[in-house]
Trainee: 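Dumping the structure here so I can ask a few things about it.
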Amino acid sequence: MFARAAVRALNSQPRLFSTTAARNTKVVVLGAGGGIGQPLSLLLKTDPLVTSLNLYDIRGAPGVAADVSHIDTPSEVQGFAADKLDEALDGVEVVVIPAGVPRKPGMTRDDLFNTNASIVRDLASAVGRVAPTAHILVISNPVNSTVPIVASTLAKAGVYNPARVFGVTTLDVVRAARFTAGLAGVHPNDTPVPVIGGHSGTTIVPLLSQSAHGKGIKGELYDKLIYRIQFGGDEVVQAKDGAGSATLSMAYAGATFANALFRGLNGEKGVVTPTFVESPLYKDQGIDFFSSNVELGVNGVEKIHPLGPLSAEEEKLLAACLPELKKNIERGRAFVESS
Ligand SMILES: NC(=O)c1ccc[n+]([C@@H]2O[C@H](COP(=O)([O-])OP(=O)(O)OC[C@H]3O[C@@H](n4cnc5c(N)ncnc54)[C@H](O)[C@@H]3O)[C@@H](O)[C@H]2O)c1
Ligand SMILES: O=C(O)C[C@H](O)C(=O)O
């Protein structure tokens, strides 16, 4: 069904579904009945590295599971109703969380905080209790705050391992490659663009200077491309006109990142992609979470790569990113502390 790309080296564009060998991976999707959850569950069902797929939501997961389970791939699918969260988490190695409300036109991701913070905290708390060694992939917005919420919730329970908590920023990487390829007139596979920082507006920092085809884009075209990558989410929110935000491209991005993690857990070397994790890069400025190229391995986060050389424009983008990111992270942390 999907082109199987060869093992990707540093800075190459991650693709669905690269794999080198079979592996048993038990995965759960929390929020599987939603706009992202449904197509993401479909894609995970077709991932050859997934052997068991549990689908949980406060509504609709058993129906989605019955549907997806008919797809003729080897993995076993089970659906879990609202009161069966612990059963859904039992024995899982990877937890993917797209649960929570999406934006409507005029809203920022931060406007979702009041609803999604407690959803994510409560799910993280259940993961900490039932599957404390699982890897957690956070999709629910605002990612800049929900990842610190997951980390602080697990820390409170005494089970936090920073190598196992990931904010999924792959959609920014997917958009950067697609938009840059469109301008350069080349294939997106040939235009990987590292995207660093966080996942909202100006905290999204694309490093076009590190992209073979991006580095030649200058002036007004450069400004427009950066804006489009940073505010790609708004483009979809406006086009959907009140019916939500990106779901299909996000499902693709989520399945792509999950596959990269499965490959790392499988022992494959050189699996490198940007993700929002606890990071030493800006800790000296009080910023404990940051997205950058991360090597994924058998323990989750294997190595956080240095950013590499930045252009003068990128230094400016980063200067605008850091204070906003710091605020978002602190908001997430404070929420758990006061819970
Ligand atoms: N990280 C990213 O790049 C990215 C991209 C797109 C969307 N998102 C975010 O993903 C989230 C989901 O978006 P969507 O379009 O799928 O929304 P949606 O409303 O279509 O689906 C959300 C699902 O979560 C479920 N849910 C709510 N509370 C739950 C709980 N406590 N436990 C389990 N399930 C629960 C709902 O029943 C619903 O089925 C939003 O917060 C959105 O902003 C993130
Ligand atoms: O824009 C949104 O609210 C959803 C998501 O974060 C996106 O980037 O599409």
Side-chain angles (χ1 to χ4, degrees), residues 1-2 14-17 27-47 50 53-68 71 77 79 94-113 115-116 119-120 123 136-144 146-147 166-179 188 195 198-201 204 228-261 275-276:
M1 183 176 173
F2 296 102
R15 311 296 329 163
L16 266 184
F17 286 120
V27 181
V28 65
V29 179
L30 306 180
I36 296 167
Q38 293 201 32
L40 176 58
S41 301
L42 161 70
L43 292 172
L44 290 171
K45 176 71 176 96
T46 64
D47 187 319
V50 175
L53 182 59
N54 287 355
L55 304 183
Y56 172 83
D57 199 299
I58 51 170
R59 57 170 185 274
V64 178
D67 189 352
V68 161
I71 293 168
V77 182
V94 176
V95 180
V96 190
I97 310 185
V101 293
R103 285 198 285 165
K104 291 189 189 313
M107 292 171 80
T108 65
R109 290 178 186 80
D110 213 32
D111 293 334
L112 303 173
F113 188 98
T115 309
N116 289 351
I119 292 175
V120 170
L123 291 174
I136 306 179
L137 281 52
V138 185
I139 292 173
S140 318
N141 271 317
V143 165
N144 294 356
T146 50
V147 169
F166 309 86
V168 182
T169 56
T170 315
L171 184 52
D172 303 319
V173 178
V174 166
R175 285 180 178 138
R178 176 59 242 173
F179 301 160
V195 182
H199 176 69
S200 73
I204 297 170
R228 193 166 183 218
I229 298 167
Q230 289 186 322
F231 294 92
D234 297 61
E235 206 177 286
V236 180
V237 169
Q238 275 151 26
K240 290 200 174 178
D241 198 18
S245 57
T247 53
L248 304 174
S249 51
M250 181 57 232
Y252 170 85
T256 300
F257 180 76
N259 179 259
L261 178 65
T275 173
F276 187 69

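Only a predicted model underlies this, so the values are computations on that prediction, with no experimental measurement involved.
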Trainee: At their closest point, which heavy atom of V68 faces which heavy atom of S41, and how far apart are they?
Mentor: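 So the two residues come closest at CG1-O, 4.0 Å.
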Trainee: Look up atom CE in M107 and atom CG in N141, then write down how far apart they are to the nearest 0.5 Å.
Mentor: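 So the gap between those two atoms works out to 10.5 Å.
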Trainee: Could you report the tightest heavy-atom contact between I119 and A99, atom names first, then the distance?
Mentor: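 Closest approach of I119 to A99, heavy atoms only: CG2-CB, 4.0 Å.
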Trainee: Partners of Q238 by side-chain hydrogen bond (donor to acceptor under 3.5 Å, both in side chains), sequence neighbours excluded?
Mentor: none
Trainee: Atom OG1 of T256 and atom CG of L40: how far apart are they, to the nearest 0.5 Å?
Mentor: 10.0 Å
Trainee: If we only count heavy atoms from C-beta on, is the D47 to L43 side-chain gap below 4.5 Å?
Mentor: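 The answer is no; the side chains never approach within 4.5 Å.
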Trainee: Could you check whether any side-chain heavy atom of R103 comes within less than 4.5 Å of a side-chain heavy atom of D234, counting everything from C-beta outward?
Mentor: yes
Trainee: Hey, are the side chains of M250 and I139 touching, using non-hydrogen atoms and a 4.5 Å cut-off?
Mentor: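 They are in contact (side-chain heavy atoms under 4.5 Å apart), so the answer is yes.
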Trainee: With sequence neighbours excluded, what pairs up with T247 under the side-chain hydrogen bond (donor to acceptor under 3.5 Å, both in side chains) test?
Mentor: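 Scan of T247 (side-chain hydrogen bond (donor to acceptor under 3.5 Å, both in side chains), adjacent residues dropped) gives K240.
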Trainee: Would you name the heavy atoms of V173 and V195 that are closest together and state the gap between them?
Mentor: CA-CG2, 4.0 Å
Trainee: Taking all atoms of both residues into account, what is the closest heavy-atom pair of V77 and L55, and its distance?
Mentor: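 V77 and L55 have their closest heavy atoms at CG1-CD1, 3.9 Å.
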Trainee: Would you say V147 and H199 make side-chain contact, with heavy atoms under 4.5 Å?
Mentor: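 Side chain of V147 against side chain of H199, heavy atoms only: no contact under 4.5 Å found.
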Trainee: Side chain to side chain contact (heavy atoms under 4.5 Å, CB included) with I97: which of L137, V28, L123?
Mentor: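 Among L137, V28, L123, the one that satisfies the side chain to side chain contact (heavy atoms under 4.5 Å, CB included) with I97 is L123.
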Trainee: Between D172 (side chain only) and I229 (backbone N and O only), is there a donor and an acceptor less than 3.5 Å apart?
Mentor: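 Checked: no pair found.
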Trainee: Show the nearest heavy-atom pair for residues V168 and G254, with the distance to one decimal.
Mentor: CG1-CA, 4.3 Å
Trainee: Going through the checks in order, is the side-chain contact (heavy atoms from CB on, under 4.5 Å) test met by L44 and V29?
Mentor: CA-CA 9 Å; L44 290 171; V29 179; 3.6 Å; yes
Trainee: Quick one: side-chain hydrogen bond (donor to acceptor under 3.5 Å, both in side chains) partners of T108, sequence neighbours excluded?
Mentor: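 Residues passing side-chain hydrogen bond (donor to acceptor under 3.5 Å, both in side chains) with T108: D111.
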Trainee: Who pairs with R228 by side chain to side chain contact (heavy atoms under 4.5 Å, CB included), at least two apart in sequence or on another chain?
Mentor: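 Only F179, E235 meet the side chain to side chain contact (heavy atoms under 4.5 Å, CB included) criterion with R228.
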Trainee: Checking L248 now: which residues fulfil side chain to side chain contact (heavy atoms under 4.5 Å, CB included) with it, not counting sequence neighbours?
Mentor: P39
Trainee: Which value, rounded to the nearest 0.5 Å, describes the distance between F257 atom CZ and T169 atom OG1?
Mentor: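 Here the rounded value is 7.5 Å.
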Trainee: Do L171 and S249 have side-chain heavy atoms sitting under 4.5 Å apart?
Mentor: yes
Trainee: Counting only N and O atoms by type, is there a donor-acceptor contact under 3.5 Å from the side chain of T275 to the main-chain atoms of G167?
Mentor: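 Yes, T275 side chain to G167 backbone: donor-acceptor pair under 3.5 Å.
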Trainee: Can you sort out the partners of N144 under side-chain hydrogen bond (donor to acceptor under 3.5 Å, both in side chains), two or more places apart, ordered by chain and number?
Mentor: S200, T203, N328
Trainee: Side chains of D57 and V64: does their closest heavy-atom pair fall under 4.5 Å?
Mentor: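 The answer is no; the side chains never approach within 4.5 Å.
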Trainee: Are the side chain of K45 and the backbone of I71 linked by a donor-acceptor contact shorter than 3.5 Å?
Mentor: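 Yes, K45 side chain to I71 backbone: donor-acceptor pair under 3.5 Å.
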Trainee: I'd like to know if the side chain of T146 and the backbone of S140 have a donor-acceptor N/O pair within less than 3.5 Å.
Mentor: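 Present.
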